[in-house]
Amino acid sequence: MASSLLSNPINQRRLRAFRANRRGYWSLWFFLFLFFFSLLAELVSNDKPLLIHFDGEFYTPFLVEYSETQFGGEFATEAEYTDPFVKDLIEEKGWILWPMIRYSYDTINYNLRVPAPAPPSAENWLGTDDQGRDVMARLIYGFRISVLFGLCLTVFSSIIGVAFGALQGYYGGWVDLGGQRFIEVWSGLPVLFLLIILSSFVEPTFWWLLGIMLLFSWMGLVGVVRAEFLRGRNLEYVRAAQALGLSNATIMRRHILPNAMVATLTFLPFLLNSSITTLTSLDFLGFGLPVGSPSLGELLAQGKANIHAPWLGLSGFFVLALMLSLLVFIGEGVRDAFDPRHRS
């Protein structure tokens, strides 16, 4: 399947055009590197060791919970590996392999030499927030949540938006008129006020926020897809397919949708950008993810509340600016790739 797509002369031209946009091409690779790096957050930043060799056996604490008694301790609860007593017990009969950053997103550093928020140091590379949590760890986990939320919202909203726009454009008439009036009413609802009201009696979660935002974010692609289907339904090969007796669903999927997907794919990076910005804004205002979740918006809010700790606001700003800039550059590259007037 992939080889047949790459062997298509049109797709080869698009690939050459995307590669010709060096900024978009390298931005894609850099963004993928950061994203896959964040997917391995538990291996990079964790308050639990990656591997323990104790008394001739191997343990993986970041995957499995082990009680303190298994390492010669006194308590049957999960071992606190940052406790010097537990570390000494393990190192008497083995060794510990720690991740690069010995903090998770919710780990509190109780050994700070100055009051929190503490400035950057050799132990906390980007300092700590006002609760003593490592900023670097929260950035890594926050980046992952932001991108995953944006990807989920973009994919689901695109599916709904493409389907809605396709029905409007293909059938036209009262279907198109009714759909347009519904979108006008639905888009006029105050989304932020609804979120404020709902968050007052429902604790926001990742999926809860995704569902609420999905109710309103699907309208971004309807206009583009609707215009393509309005144009495509009058083309000769579509009328020929109707004359041959093909079903409407087959004509929409096989003959018109591929042309509409060209414009849709061009918009996807910008929709992803908008989805990430929406989550960050909600977290900044306090209506986003639950309290304590790693969030770029929450880090920006802490920077606003702690002007004397500039590393908080600057860290969140630079990560967010880098992420959004990369997505914009990728979107420009995709736009050039699908532009038939562009010469690679």
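Sequence positions, counted from 1, serve as the residue numbers for this chain.
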Hey, can you pull the donor-acceptor pairs under 3.5 Å for the side chains in residues 170-177, sequence neighbours left out?
from: Tyr170; atom 1: OH; to: Gln242; atom 2: NE2; distance (Å): 3.1
from: Tyr170; atom 1: OH; to: Asn248; atom 2: OD1; distance (Å): 2.8
from: Asp176; atom 1: OD1; to: Gln168; atom 2: NE2; distance (Å): 3.0
from: Asp176; atom 1: OD1; to: Arg226; atom 2: NE; distance (Å): 2.6
from: Asp176; atom 1: OD2; to: Arg226; atom 2: NE; distance (Å): 3.4
from: Asp176; atom 1: OD2; to: Arg226; atom 2: NH2; distance (Å): 3.0

Determine the interplanar angle of the [X] and [Y] rings, folded into 0 to 90°, and report it as parallel if under 30°, tilted if 30 to 60°, perpendicular if over 60°.
X: Tyr81; Y: Phe71; answer: perpendicular
X: Trp29; Y: Tyr25; answer: perpendicular
X: Tyr66; Y: Tyr59; answer: perpendicular

Quick one: OG1 on Thr154 to CG on Leu271, what's the gap to the nearest 0.5 Å?
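Separation between the atoms: 6.0 Å.
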Is there a donor-acceptor pair closer than 3.5 Å between any side-chain N or O of [X] and the backbone N or O of [Y]?
X: Arg23; Y: Phe329; value: no
X: Thr60; Y: Phe62; value: no
X: Ser157; Y: Leu153; value: yes

Any carboxylate oxygen within less than 4.0 angstrom of a Lys/Arg side-chain nitrogen, looking at Arg138 and Glu298?
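Yes, Arg138 and Glu298 are salt-bridged.
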For Val225 and Gly165, work out which heavy atoms get closest and say how close.
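Shortest heavy-atom contact: CG1-C, 3.9 Å.
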Tyr141 and Ser104: which non-hydrogen atoms are nearest, and at how many Å?
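Closest pair (atom of Tyr141, atom of Ser104, distance): OH-OG, 3.8 Å.
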Sequence neighbours left out, what passes salt bridge (Lys or Arg N to Asp or Glu O under 4.0 Å) with Asp134? Give chain and number order.
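By the salt bridge (Lys or Arg N to Asp or Glu O under 4.0 Å) rule, Asp134 matches no residue at all.
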